[in-house]
Number of protein chains: 2
Amino acid sequence: MSKCEKDDMLRLKSQLCFPLYACSKEVVRRYKPFLDELDLTYTQYITMMVMWEKQEINVKCLGQILYLDSGTLTPVLKKLESKGYLTRKRSKEDERNLRVTITAAGNELKERAKTVPQQVGKCVHLQPEEAEELYRLLYKILDDMGL
Amino acid sequence: MSKCEKDDMLRLKSQLCFPLYACSKEVVRRYKPFLDELDLTYTQYITMMVMWEKQEINVKCLGQILYLDSGTLTPVLKKLESKGYLTRKRSKEDERNLRVTITAAGNELKERAKTVPQQVGKCVHLQPEEAEELYRLLYKILDDMGL
DNA sequence: GTAAATTAAATTGTGTACAATACAAAACAA
DNA sequence: TTGTTTTGTATTGTACACAATTTAATTTAC
């Protein structure tokens, strides 16, 4: 077998986009075993995180927060509705807006999800200052690219 | 409309996984206009980056470098083969291995792709030291999670 | 030397992502 | 007003991403 070591992959390694892409996928993968217990996918999980916070929101707004469009959100929200965690209803004032509202069951799920962040955190061994710096740099890029 | 500002999204913002996930997607999106000119998707692009470097490799090996499995790579490689950028052939020594080899056309594509990194780089305004630190932290996480 | 285990790819099924399009409701303009 | 534009959501089509399964080839264990 030829060399599989990741030495002199200068081009790939020099791009910054690649470790970002790979790291994102690997970290999300670390969530899977814990989210499986809640029968949630990662996308459903981050959607519920917003719902726990906001309780009620429309799709556009949700998409701005999650950096997702209606093409992605519509099926996710329908799935979460079918699981009984939220309801979808057109706004009376403006029929274009779809109001997404969390249900009691949705709020109860928060209790069960409480330990997920810490459990995943155990898989990523960064010093607090490092995590903070990483956090700062990622948001600098995000803000910079202009939501 | 209710508040769409991303204030007090403490939960979402405190997770580190989320900015990683969002940032990865947004940066990849920045590649699209440039990759469109080459008729390459992002996944095809990073695959070609490895091929430009290695010239020949098997699928397993490629997957380890790109953090992708055969389920993702097989269709990508077939697509790149149909575009004439590489060939796929079982290894003589071990028929289980599929050798992926870059073609002359594949190598020629490298010339046209040369400017992509700098063009995307213009969209992300990090200081060199910041980029280096981000790079270091991402690879620390990746290495830490054990390829 | 053959059965069992392992390995590498491919296939299948589910779930994103997102561009492009469609469509209906609301805002705007002449 | 009535026609035009904009806006919010849904739909369609393409392309990942990955777990799980399958298949075929090689290795191993005995």
Side-chain angles (χ1 to χ4, degrees), chain A residues 1-2 4 18 21-36 38-48 57-83 88-100, chain B residues 1-2 4 18 21-33 35-36 39-48 57-83 88-100:
Chain A
M1 187 183 295
S2 69
C4 285
F18 179 71
Y21 159 85
C23 200
S24 168
K25 284 192 309 167
E26 292 303 307
V27 170
V28 166
R29 200 209 305 269
R30 288 299 185 286
Y31 278 81
K32 191 169 190 313
F34 307 114
L35 296 181
D36 277 351
L38 305 177
D39 188 33
L40 287 181
T41 64
Y42 181 74
T43 314
Q44 290 167 11
Y45 170 66
I46 59 175
T47 300
M48 288 308 297
I57 197 171
N58 62 38
V59 175
K60 177 76 187 282
C61 201
L62 188 56
Q64 287 172 347
I65 294 171
L66 294 176
Y67 296 85
L68 293 172
D69 71 4
S70 70
T72 302
L73 283 175
T74 296
V76 169
L77 293 172
K78 283 182 177 174
K79 190 77 180 185
L80 288 172
E81 182 180 44
S82 78
K83 290 180 181 179
R88 300 161 63 251
K89 202 163 57 154
R90 293 280 167 185
S91 165
K92 275 274 162 43
E93 314 97 60
D94 187 339
E95 289 270 349
R96 289 172 303 183
N97 285 287
L98 190 132
R99 301 293 303 166
V100 181
Chain B
M1 186 182 297
S2 70
C4 284
F18 179 71
Y21 158 86
C23 200
S24 168
K25 283 193 309 166
E26 292 302 308
V27 170
V28 167
R29 201 209 303 269
R30 289 300 186 286
Y31 278 80
K32 193 168 188 315
L35 296 182
D36 277 351
D39 189 31
L40 287 180
T41 64
Y42 181 73
T43 313
Q44 290 167 12
Y45 170 65
I46 58 176
T47 301
M48 288 308 297
I57 198 172
N58 62 39
V59 174
K60 176 74 187 284
C61 201
L62 188 58
Q64 287 173 347
I65 293 170
L66 294 176
Y67 296 84
L68 293 172
D69 70 5
S70 70
T72 302
L73 283 176
T74 296
V76 170
L77 294 172
K78 283 181 177 174
K79 190 77 179 183
L80 288 172
E81 182 180 43
S82 78
K83 290 181 182 179
R88 298 162 65 250
K89 202 160 59 153
R90 291 282 168 184
S91 163
K92 276 273 160 45
E93 313 96 63
D94 188 338
E95 290 270 350
R96 288 173 304 183
N97 285 288
L98 189 132
R99 300 293 301 166
V100 181

task = Pick base, sugar-phosphate or nothing for A:Leu73, based on heavy-atom distances below 4.0 Å to the nucleic acid.
result =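 If one applies the 4.0 Å heavy-atom cut-off, A:Leu73 turns out to touch nothing in the nucleic acid.
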Are OP1 or OP2 of [N] and a side-chain N or O of [X] less than 4.0 angstrom apart?
X	N	answer
B:Thr74	C:dA10	yes
A:Asn97	D:dT9	yes
B:Thr43	D:dA17	yes
A:Lys78	D:dT9	no
A:Thr41	C:dT16	yes

In whole Å, what is the span from the [atom1] atom of [X] to the [atom2] atom of [N]?
X	N	atom1	atom2	value
B:Tyr31	D:dA15	OH	C1'	19 Å
B:Leu77	D:dA15	CG	P	15 Å
A:Leu35	C:dT16	CG	P	11 Å
A:Lys83	C:dT14	NZ	P	14 Å
A:Gln44	C:dA17	CD	C1'	15 Å
A:Leu62	D:dA10	CG	P	11 Å

Fill in: Partner of A:Asp39 by salt bridge (Lys or Arg N to Asp or Glu O under 4.0 Å), out of A:Lys32, A:Lys79, A:Lys83
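For A:Asp39, the salt bridge (Lys or Arg N to Asp or Glu O under 4.0 Å) check succeeds only for A:Lys83.
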Between atom [atom1] of [X] and atom [atom2] of [Y], what is the distance when rounded to the nearest 0.5 Å?
X	Y	atom1	atom2	answer
A:Ser24	B:Phe18	OG	CZ	10.5 Å
B:Asp36	B:Thr41	CG	OG1	10.0 Å
B:Ser82	B:Arg88	OG	CZ	10.5 Å

Name the closest nucleotide to the [X] side chain, picking from [options].
X	options	answer
B:Lys25	D:dA25, C:dT11, C:dA17	C:dA17
A:Arg29	C:dA10, D:dA19, D:dA10	D:dA19
B:Arg96	D:dT9, C:dA10, C:dT6	C:dT6
A:Asn58	C:dC18, D:dT9, D:dC16	D:dT9
A:Asp94	C:dA9, C:dA25, D:dA25	C:dA25
B:Lys60	C:dC18, D:dT9, C:dA8	C:dA8

- May I ask you to test the A:Val59-A:Leu62 pair for a side-chain heavy-atom distance under 4.5 Å?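 Of all side-chain heavy-atom pairs linking A:Leu62 with A:Val59, none is under 4.5 Å.
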- Item | B:Ser70 (side chain) and C:dA8 (base): donor-acceptor pair under 3.5 Å |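 Counting by modelled atom types and ignoring angles, no donor-acceptor contact under 3.5 Å is found here.
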* **Toward the 5' end of DNA chain D, by each residue's nearest nucleotide, A:Leu98 or A:Tyr21** =>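 Result of the comparison: A:Leu98.
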Select from A:Asp69 and A:Lys32 the residue whose nearest nucleotide in DNA chain D is closer to the 5' end of that strand.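 This one resolves to A:Asp69.
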**Message:** Does the plane of the ring in A:Tyr42 sit parallel, tilted or perpendicular to the ring in A:Tyr31? Use 30° and 60° as the thresholds.
**Reply:**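 The arrangement is perpendicular - the two ring planes meet at more than 60°.
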Subject >> Most 5' of A:Lys79 and B:Arg88 on DNA chain C, judged by nearest nucleotide >> reply: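 With A:Lys79 and B:Arg88 compared, the 5'-side residue is B:Arg88.
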